[in-house]
There are 2 protein chains.
Amino acid sequence: MIQYILLGFLNYQPMTGYDLKRALDHSTGHFWHAYHSQIYTTLRQMEKDGLVTSQFVMGEGQPDRRTYTITEQGREMLSVWLSRPLTEAVSVKEELLVRLFFSGQRSNESILAELTVQREIHQQKLAEYRKMQQEMEEQAKCLPLPSLQRDSVFWMATLKMGMRYEQAYLDWLSETIQTVQSL
Amino acid sequence: MIQYILLGFLNYQPMTGYDLKRALDHSTGHFWHAYHSQIYTTLRQMEKDGLVTSQFVMGEGQPDRRTYTITEQGREMLSVWLSRPLTEAVSVKEELLVRLFFSGQRSNESILAELTVQREIHQQKLAEYRKMQQEMEEQAKCLPLPSLQRDSVFWMATLKMGMRYEQAYLDWLSETIQTVQSL
DNA sequence: CAGTCCATGTAAGTAGTTACATGATTGC
DNA sequence: GCAATCATGTAACTACTTACATGGACTG
């Protein structure tokens, strides 16, 4: 998966591993994240596979940078991946639900403490997403290229899902906290 | 993680790898799934680590079964894990959002086809969860042990989150389908 | 002069997936 | 006879995480 994400970003412009890490953190981070170690090793592998090329520039004063550029083959691969729709359910992994499922032996206080911390975490995330949405809406007004305007519709859509998810989580946490309090 | 799930189930009663696979599929499956290969290898490792013991019974007529039983050490480990609350955000991985994020170059038809299939998938999941909830509510009425009644509150809570998640997903899919249609 | 940002990498380990492999029983 | 269910495992691989490793520039 991380390959396609990197190709997706490099399809806009050449970037370094560091740039890609930041791009991931600031945009796709809420639905797919990666450590820099994985990004750097994957980029190297992708270069071997002919999906990207790299230019190493020794920085005078600044740090050295290795800039990656997508190849025709890389574009092709991204395009093929995007054209084959996802027709199966993807599996979700939710550690908190695992914990709650087996919480019969725990005290109510212990569970409530955990749920309350989680509520704070998800409240913070929702606030972040709202801020990101506002920033994006402002930027969208003055986008130069119509092609990027189209892209921004999809970026916004993923953010909206992020917000719906956090809202659903918060509602559920409140409901569950109430349930546990009344036990 | 899978270790704790297996311990969680074995904490109720001794079970075989096969039983555990089914238990996972029918209950925790919607928030954590595992292949049988991982379950069998993990159980073997857990036996080496002293968290479980196994009894092999050659079946006459029936297939052979290896039944695993949790040890005191296993119970202790489960208990410690449950007592240390989750205080960090867990990372979400949503392939569909990755795809949508990079869908600027795709045709509206291609995107709509994918979103529509996804809507069907999530509608089906929601229906499944509703059915499971009804079954669980009926079972909960005639549960023998009060301790299992307490457990069932938490099982129900995880199901409720599943339903909220699917509902949020469906609402978002409908919204996004409308957005793309109006492009 | 301590901490953060820029910038790149490797090594080792854990977790998870896919494929291979076997074989009996039950129901249609 | 064919498919599904019961039942257990191994091997190979891919993906992901954690830790180690370095070093200059800028900021307070």
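Both backbone and side-chain heavy atoms feed into the values below; hydrogens, waters and symmetry mates do not. Every chain is numbered from 1, with letters handed out A, B, ... down the list of sequences.
Put simply, the side chain of S37(B) and the base of dT18(C) share a donor and an acceptor less than 3.5 Å apart.
If you check dG9(C), dT18(C), dG16(C) against the side chain of I2(B), the one that comes closest is dG16(C). Proximity note for R65(A) (side chain, C-beta onward) versus dG9(D), dT17(D), dA7(C): the nearest is dA7(C). The nucleotide whose nearest atom lies closest to any side-chain atom of Y40(A) is, among dG9(D), dT10(D), dG9(C), dG9(C). Among dG16(C), dG9(C), dT8(D), the nucleotide with an atom closest to any side-chain atom of W32(B) is dG16(C). Listed candidates were dC16(D), dT10(C), dT17(C). Nearest to the side chain of Q38(A) is dC16(D).
Each of H30(B), Q124(B), H122(B) was evaluated against E166(B); a single residue qualifies, H122(B), per the side-chain hydrogen bond (donor to acceptor under 3.5 Å, both in side chains) test.
Phosphate contact (OP1/OP2 of dC6(D), side-chain N/O of Y18(B), threshold under 4.0 Å): present. Contact annotation: R66(B) does not reach the phosphate of dA7(D) (side-chain N/O to OP1 or OP2, under 4.0 Å).
Between H33(B) and F31(B), a ring centre-to-centre spacing not shorter than 6.0 Å is recorded.
Look at CD1 on I39(A): it is 14 Å from C1' on dA15(D), rounded to the nearest Å. Distance, D64(A) CG to dA21(D) P: 21 Å, rounded to whole Å. Spacing between atom CG of L43(A) and atom P of dA7(C) amounts to 15 Å, rounded to whole angstrom units. Here the C1' atom of nucleotide dC16(D) and the NE2 atom of H33(A) are 9 Å apart, to the nearest Å. Between the P atom of dA12(D) and the OH atom of Y35(B) lies a distance of 20 Å, rounded to the nearest Å. Rounded to a whole Å, the CG atom of L24(B) is 15 Å from the P atom of dA15(C). Residue Q45(A) contributes atom CD, which lies 14 Å from atom P of dC16(D) at whole-angstrom precision. What separates NZ of K93(B) from P of dA15(D) is a distance of 11 Å, to the nearest Å.
Ring planes of F9(A) and F102(B): perpendicular class, angle over 60° (limits at 30 and 60°).
Judged by distance alone, with hydrogens and angles left aside, the side-chain atoms of R66(B) form no donor-acceptor pair with the main-chain N or O of T16(B) at under 3.5 Å. Looking only at distances, a side-chain donor or acceptor of K21(B) sits under 3.5 Å from a matching main-chain atom of A34(B).
Nucleotides of DNA chain D nearest to A34(A) and R22(B) differ in position, and the one nearer the 5' end is that of R22(B).
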